[in-house]
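The structure appears right after this line, and notes come after that.
Computed from heavy atoms alone, side chains included, the values below leave out hydrogens, waters and symmetry copies. Order of the sequence lines fixes the chain letters, A, B, ..., with proteins taken first and strands second; residue numbering starts at 1 for each chain.
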2 protein chains.
Amino acid sequence: MCELLGMSANVPTDICFSFSGLLERGGNTGPHKDGWGITFYEGKGCRTFKDPEPSYQSEIAKLVKAYPIKSVSVISHIRQGNRGRVCLENTHPFTRELWGREITYAHNGQLSNYHDLKPQYYRPVGNTDSELAFCWLLDKIREKYPKRPSNMASVFRYAAKLSHTLREKGVFNMLLTDGVFVLAYCTNNLHYITRRAPFGKATLIDADMVVDFNEETTPNDVVTVIATRPLTNDERWQKMQPGEFALFKMGELI
Amino acid sequence: MCELLGMSANVPTDICFSFSGLLERGGNTGPHKDGWGITFYEGKGCRTFKDPEPSYQSEIAKLVKAYPIKSVSVISHIRQGNRGRVCLENTHPFTRELWGREITYAHNGQLSNYHDLKPQYYRPVGNTDSELAFCWLLDKIREKYPKRPSNMASVFRYAAKLSHTLREKGVFNMLLTDGVFVLAYCTNNLHYITRRAPFGKATLIDADMVVDFNEETTPNDVVTVIATRPLTNDERWQKMQPGEFALFKMGELI
C-alpha cells in the first residue's frame, strides 16, 4: 500500500509541514520505501519531484522539505509497491495533458482483474495498475468531453463516478487535480482537514515538529490537507467513507 | 533566444560538468534568465527539474548540479523568453506521452506565422511558439505512426523532416528524445562533441572548472554532448550546418 497527500488552498501555500510528516513514513515511521513524488501547480504549469529512493533518505526530498514552493494545488505520494517494480516510471504522481491542461493523479490501493481496462488515447509508460487506471479514467473523460467544458466541476464528478467502477476491482483511494480542483476519492482510507481562522497549533505524529498556523497565515486563508492517515495528533481530521468523494476548490469543499 | 544542452551516452552518465557551464549562462555569463529545466531518463521513466527562476541563483539548479543523477539521455534548456511570458508552463523541456513512451523536447529560436499550426491530439499548456511546435510535431508523428514502429530511428528521421517545415517559419534549433534516441536539429546554432577513449581533460568556458574524463570514465564509455555553443575551450566541437540533423543512440551518431 501507499500513502497519499493532497492540498487545496485559496492562496499559494507551502506544504513543507505536512510533507515533513509524510516523508518519515517513507521508510522510517512507515514501510513505504519504494519511492515518492510530489507535484506542485503554479498557474497552469506544474512541476513534479520524484525519486525511486526511499523518501526519508532522499536528497531531492530534503530539498523539497526545505525549499517552500508555494502552490494552491499539490498532490504527493509515497509508495510501497505491490503491482510493478520499483523504478522511476512506476513512481507516482502521474501527469498527462488533456485539452491543454496538466492533469495529475496518484493512487493508493491495489486493483485485481484490471486487464480489461484498455485505454487507447492515453497509454501507461510503466506497468502499475495505478497508471493504467489513470489512463483509463482520462480516456473516458476525453470520450465524454472532447472539448474542455466550462463547468470543470462536472468533469471531476464524472471522474468520481468512474472511480466507483474502479473500486469494484479492489482498493481505490485516489487524488486527481487540474491545478484548480482537487478530487479525493475514498475506498477505505482517506482523511482531510480544512484549516481556517481562527488558526491554532498542530503537532506532527511522525516527526518532532509543531507549527503555529497563526504565524504562517492571514485571516482569510483557507487550506485543506488530504492524507491517507491523519498527519497531526491535535486536530480533528474528517474520515471519509467507502465510496465517498470530496471535491475541493481554493481550499473549500464544494 | 535560449541555450540548449543534450546528452546521449552508452552508460548512465552524470551531466554535472556540462550543466555547471550552462547554468552560468542563465543570468551570469549569459542573459538567459527566464527559467531553466532539465529532463533525465532512467529506463522508460524520466524526471524533469524546472524553475522559472534564473538558473545561476536557483536552489533547485544547485541541487541538480551537486547531485549526480546518472542517465543515458538528457535534455536541458535555459530560457531567454521572447514568445510567451516567464512562468512555469512556458519553461522547457516539454514532455508528452506517445505510445506509452515519454517524449521530451526543447527548442531554441523564434518562429513567425506559426498560428497555422493547429494540433488537435496534443495541445499546448502554455503560450510559447516552442510548445505549439512540439504538439504539432507529435500530432504529425502520431498521424503517420498510429502504433509504435519497431524502427524508432525512422520516427526521428521523420521528426527531422518535419523540422524542415518549422525552420521555414524562423529559427528552429531543437532537441528531441524518447530516452533511447536523441535528435539534434540545427537552424543556425548547435554544436556537439563525442567523447571516447583515450579521454583527456576539458575546461569549462563559463566557470572555473576542469575535469579529467580519464578519472571519470571507463575505456568503453561513449558520451556525446550537444550544446548551442561549445561549453569547453580545449576540445574540438562539431558545428552543425543549417538544416542539418544529427541522431544519436548510446552516444554514437547513427
Side-chain angles (χ1 to χ4, degrees), chain A residues 35 37-53 58-64 66-69 71 84-92 94-103 119-128 131-132 134-135 138 142 146-148 178-179, chain B residues 35 37-53 58-64 66-69 71 84-92 94-103 119-128 131-132 134-135 138 142 146-148 178-179:
Chain A
I38 187 165
T39 302
F40 298 90
Y41 278 78
E42 291 154 77
K44 287 170 72 184
C46 69
R47 48 181 159 177
T48 298
F49 298 84
K50 55 170 69 175
D51 207 342
E53 298 293 313
S58 158
E59 284 299 319
I60 301 167
K62 270 183 215 159
L63 173 90
V64 174
Y67 180 62
I69 295 177
S71 173
R85 68 188 180 90
V86 178
C87 58
L88 195 55
E89 66 261 32
N90 287 343
T91 306
H92 306 224
F94 302 107
T95 300
R96 291 287 190 287
E97 172 256 311
L98 171 60
W99 317 303
R101 291 290 189 280
E102 304 275 20
I103 313 289
Q120 296 301 316
Y121 217 99
Y122 296 94
R123 302 285 290 274
V125 176
N127 60 349
T128 60
E131 192 191 7
L132 182 68
F134 177 44
C135 291
L138 288 181
R142 191 160 185 151
K147 292 188 176 178
R148 193 169 80 91
D178 66 343
Chain B
I38 187 165
T39 302
F40 300 90
Y41 279 78
E42 291 154 77
K44 287 170 70 185
C46 68
R47 49 181 159 177
T48 298
F49 297 84
K50 55 169 73 174
D51 207 341
E53 299 293 315
S58 158
E59 284 299 320
I60 302 167
K62 270 183 214 160
L63 173 90
V64 174
Y67 180 63
I69 295 176
S71 173
R85 67 187 180 91
V86 178
C87 57
L88 195 55
E89 66 261 32
N90 287 343
T91 306
H92 306 224
F94 303 106
T95 300
R96 291 287 190 287
E97 171 256 312
L98 171 60
W99 318 302
R101 291 290 189 281
E102 303 275 20
I103 313 288
Q120 297 301 316
Y121 217 98
Y122 295 93
R123 302 284 290 275
V125 175
N127 60 349
T128 60
E131 192 190 8
L132 182 68
F134 177 44
C135 291
L138 289 182
R142 192 159 184 151
K147 292 187 176 179
R148 193 170 80 91
D178 66 343

Looking at Lys62(A), Arg96(A), Arg142(A), Lys50(A), which one has more heavy-atom pairs under 4.5 Å with chain B than the rest?
Arg96(A)
What option among Ala66(B), Pro52(B), Gly100(B), Gly43(B) has the most heavy-atom pairs under 4.5 Å with chain A?
Gly100(B)
So, are Arg123(A) and Glu97(B) salt-bridged, with charged N and O less than 4.0 Å apart?
no
Quick one: CZ on Phe49(A) to OG1 on Thr48(B), what's the gap to the nearest 0.5 Å?
10.5 Å
Residue, of Thr95(A), Leu88(A), Ile69(A), Thr91(A), that accumulates the most heavy atom pairs under 4.5 Å with chain B
Leu88(A)
Sort Ile60(B) into side chain, backbone, both or neither according to what part of it lies under 4.5 angstrom from a heavy atom of chain A.
both
Contact class of Arg101(B) relative to chain A, heavy atoms under 4.5 angstrom
backbone
Segment of Asn90(B) engaging chain A (4.5 angstrom heavy-atom cut-off):
neither
Measure Cys46(B) against the heavy atoms of chain A and call it side chain, backbone, both or neither at under 4.5 Å.
backbone
Could you have a look at Asp51(A), Leu98(A), Val64(A) and say which one has the most heavy-atom pairs with chain B under 4.5 angstrom?
Asp51(A)
So, using ring-ring contact (aromatic ring centres under 6.0 Å, His included) as the criterion, who are the partners of Tyr121(B) when residues are at least two apart?
Tyr121(A)
Side chain, backbone, both or neither: which part of Gln120(B) has a heavy atom under 4.5 Å from chain A?
backbone
Pick one: which of Glu102(B), Arg47(B), Lys44(B) meets side chain to side chain contact (heavy atoms under 4.5 Å, CB included) with Glu89(A)?
Lys44(B)
Using ring-ring contact (aromatic ring centres under 6.0 Å, His included) as the criterion, list what pairs up with Tyr41(A), not counting sequence neighbours.
none
